[in-house]
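Worth saying up front: this structure is predicted, and the values here are computed from it rather than measured. Naming: A, B, ... by sequence-line order, numbering from 1 per chain.
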Protein chains: 2
Amino acid sequence: MATGRTHRPATRSRGIPEATVARLPLYLRALTALSERSVPTVSSEELAAAAGVNSAKLRKDFSYLGSYGTRGVGYDVEYLVYQISRELGLTQDWPVVIVGIGNLGAALANYGGFASRGFRVAALIDADPAMAGKPVAGIPVQHTDDLEKIIEDNGVSIGVIATPAGAAQQVCDRLVAAGVTSILNFAPTVLAVPDGVDVRKVDLSIELQILAFHEQRKAGEEAGPDGAAPTAATRKESTDQGPEGDVPAVMPA
Amino acid sequence: MATGRTHRPATRSRGIPEATVARLPLYLRALTALSERSVPTVSSEELAAAAGVNSAKLRKDFSYLGSYGTRGVGYDVEYLVYQISRELGLTQDWPVVIVGIGNLGAALANYGGFASRGFRVAALIDADPAMAGKPVAGIPVQHTDDLEKIIEDNGVSIGVIATPAGAAQQVCDRLVAAGVTSILNFAPTVLAVPDGVDVRKVDLSIELQILAFHEQRKAGEEAGPDGAAPTAATRKESTDQGPEGDVPAVMPA
DNA sequence: CCATCTTTGTGCACGCGTTCACAAAGACAT
DNA sequence: ATGTCTTTGTGAACGCGTGCACAAAGATGG
């Protein structure tokens, strides 16, 4: 996974643990694959293997949704697909806007995994006037000026931010003011949002840094124990933090 | 966040909790921003606010690294930047290969956040012969046939998979066989890897599904309680699982 | 040198999530 | 109808992560 939730106060919604919710899409994917193969039923053991989780965990997860299995047999694939889809809210259509149509934003617009799960890209928005009208993934890019109108006209409640870090908070504020209550943030910034607004963050460089940590540990300990700690004045030289700024990540204090 | 770790057995490396490791890049980013502003010291309260976490949590996190603060004053920014960078392994250069240069792969290749953190894109690899030699982000794409040689020649230990789901496991196997021990997976598939190999998964559609769940709950309960549960034969119609297949996500059982 | 004030570092308790292990439930054969 | 066999659903124990609250440590001023 990437970097997970942002300060959700563990608000176990209707008794379904957050950790369980995060796994439901995983189960759904495995079940969908089974459905395509016309597999009628599946045991918790098999499904758990396909989803890469413990079978006891899977059974407990499902128990939060209800008793949908049959002892001695397993789970009805089609039925479970429906139940999980409904629980996740995928039986309805979710219009989504993507703000910031750079490399990443364009890739997201082209990403098939959205539309296939009931998420409809209602609009692409960018601050660059030169982009306006230019079609990306078959959808014409609109200018940031019209953001509020776009949100309102399309009844958008989910926004995706793929802008540079410097613009993210401002875009976020406008999205929230216009009525968006769920945000998927790809910009490397901590977003401040009012209560009632959900933010999930995907940070590519953070994922790599976590991998690097474990990688170092695996490679580790034999070469260079790096004994003498440098003084406070010593600056590391390898990690020159380049452009691509997270400049506005810190408040003026 | 995206979808986090995959089946790491909570192997608290050298006493540093996994949850703490996941936050270190966050602190590092906030600290780097402070460093650029030439702020000399910062209190746990200020830094916690900038990173969007609890100050007690931040102090406990830092306590795992050592006693780097000064009571009554706070933390030396430069010193802390160095210590965290070293702990994360960012003081060394990490050559990375990206496999699968489609929309997403190309966006990743162009992403500035990698190079700025000590991650160097050593090679771009794609299975399409038509892509071979074509430069993306200034780097010529190479064919999958040369994957093993590329890994070996460049001493790559971190691989990024941005292929379609159907190709992911196969690419993963080849990467691992060639010596890669850390994988960042963007393909919507559960990857099977031998012990000792770390996999982190970033799944865009899963993030949206989690948001949709909470969104449904927020919008919730007033409209359509949807009482009568459909029979097992009833198939939901809205979420027609389209193309963009996660076909090979499930084993033949 | 002493008092005061700020801020760290951490002991402790609590809650969530995971896992084990097993009883209950149903299918299926006889 | 009864017994056997498979698999679910869950009670209970455990471990990790979080947050409170405070004592220890050092800076700073008199």
Side-chain angles (χ1 to χ4, degrees), chain A residues 1 3-24 26-27 39-49 51-77 79-80 83 210 232 253, chain B residues 1 3-24 26-27 31 39-77 79-80 83 210 232 253:
Chain A
M1 114 179 98
T3 326
R5 73 216 62 149
T6 307
H7 82 66
R8 180 160 315 113
T11 318
R12 181 181 296 202
S13 311
R14 213 270 307 270
I16 300 184
E18 189 62 26
T20 295
V21 173
R23 280 188 293 267
L24 290 182
L26 223 57
Y27 302 144
V39 176
T41 62
V42 64
S43 73
S44 65
E45 204 71 47
E46 293 166 332
L47 187 54
V53 302
N54 185 297
S55 70
K57 191 187 296 186
L58 178 142
R59 286 198 301 274
K60 180 145 287 191
D61 283 341
F62 286 173
S63 77
Y64 291 114
L65 308 183
S67 282
Y68 294 151
T70 305
R71 299 175 190 230
V73 175
Y75 298 93
D76 182 288
V77 171
Y79 186 60
L80 206 47
Q83 289 297 344
I210 296 172
Chain B
M1 120 196 55
T3 325
R5 74 216 64 150
T6 306
H7 83 65
R8 182 162 311 112
T11 318
R12 181 181 296 201
S13 310
R14 214 268 308 271
I16 300 183
E18 189 61 26
T20 295
V21 173
R23 281 188 293 269
L24 290 181
L26 223 58
Y27 303 143
L31 284 165
V39 177
T41 62
V42 64
S43 73
S44 65
E45 205 72 48
E46 294 166 333
L47 186 55
V53 302
N54 184 295
S55 70
K57 192 187 295 186
L58 178 143
R59 288 198 299 277
K60 181 149 291 193
D61 282 343
F62 286 174
S63 77
Y64 291 114
L65 308 182
S67 281
Y68 293 153
T70 305
R71 297 175 191 231
V73 176
Y75 298 91
D76 182 286
V77 172
Y79 186 59
L80 207 46
Q83 288 296 345
I210 296 172

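Atoms NZ (A:K57) and P (D:dA13) sit 21 Å apart, rounded to a whole Å. Atom OH in A:Y64 sits roughly 10 Å away from atom P in C:dC16 (whole-Å rounding). Computed from coordinates, the A:D61 CG to D:dT10 P distance equals 13 Å when rounded to whole Å. We find that CG of B:L47 is positioned 20 Å from P of C:dT6, with the value rounded to whole Å. Between the CD atom of A:E46 and the P atom of D:dT8 there is a distance of 9 Å, rounded to whole Å. Distance, B:Y75 OH to D:dG26 P: 14 Å, rounded to whole Å. For the pair A:E18 CD and C:dG17 P, the interatomic distance rounds to 8 Å; values are reported in whole Å. Regarding A:F62, its CZ atom lies at a distance of 16 Å from the C1' atom of D:dT10, rounded to whole Å.
Side-chain N/O atoms of A:S44 include none lying less than 4.0 angstrom from OP1 or OP2 on D:dT7.
You'll find that the side chain of B:P17 is closest to D:dG17, out of D:dG17, C:dG17, C:dG9.
Both B:N54 and A:R59 lie near DNA chain D, and the one whose nearest nucleotide falls closer to the 5' end is A:R59. Along DNA chain C, the nucleotide nearest B:G74 and the nucleotide nearest A:A56 are compared for position; the residue whose nucleotide lies closer to the 5' end is B:G74.
The heavy-atom pair separating B:S44 from B:S55 by the smallest distance is O-CB, 3.9 Å. In plain terms, the two heavy atoms of B:T20 and B:D61 that are nearest each other are OG1-OD1, 2.6 Å. Closest non-hydrogen pair, B:D76 versus B:T41, comes out as CA-CG2, 4.3 Å.
Applying the 3.5 Å distance criterion, the base of C:dT7 shares no donor-acceptor pair with the side chain of B:R71. Looking at A:K60, its side chain has no donor and acceptor atom pair within 3.5 Å of the base of C:dT18.
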Distance-only donor-acceptor pairs under 3.5 Å for side chains of residues 65-73 of chain A, two or more places apart:
from	atom 1	to	atom 2	distance (Å)
A:Y68	OH	A:L65	O	3.3
A:Y68	OH	A:Q83	OE1	3.0

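Taking A:F62 as the reference, A:Y27, A:Y75 meet the ring-ring contact (aromatic ring centres under 6.0 Å, His included) condition, with sequence neighbours excluded.
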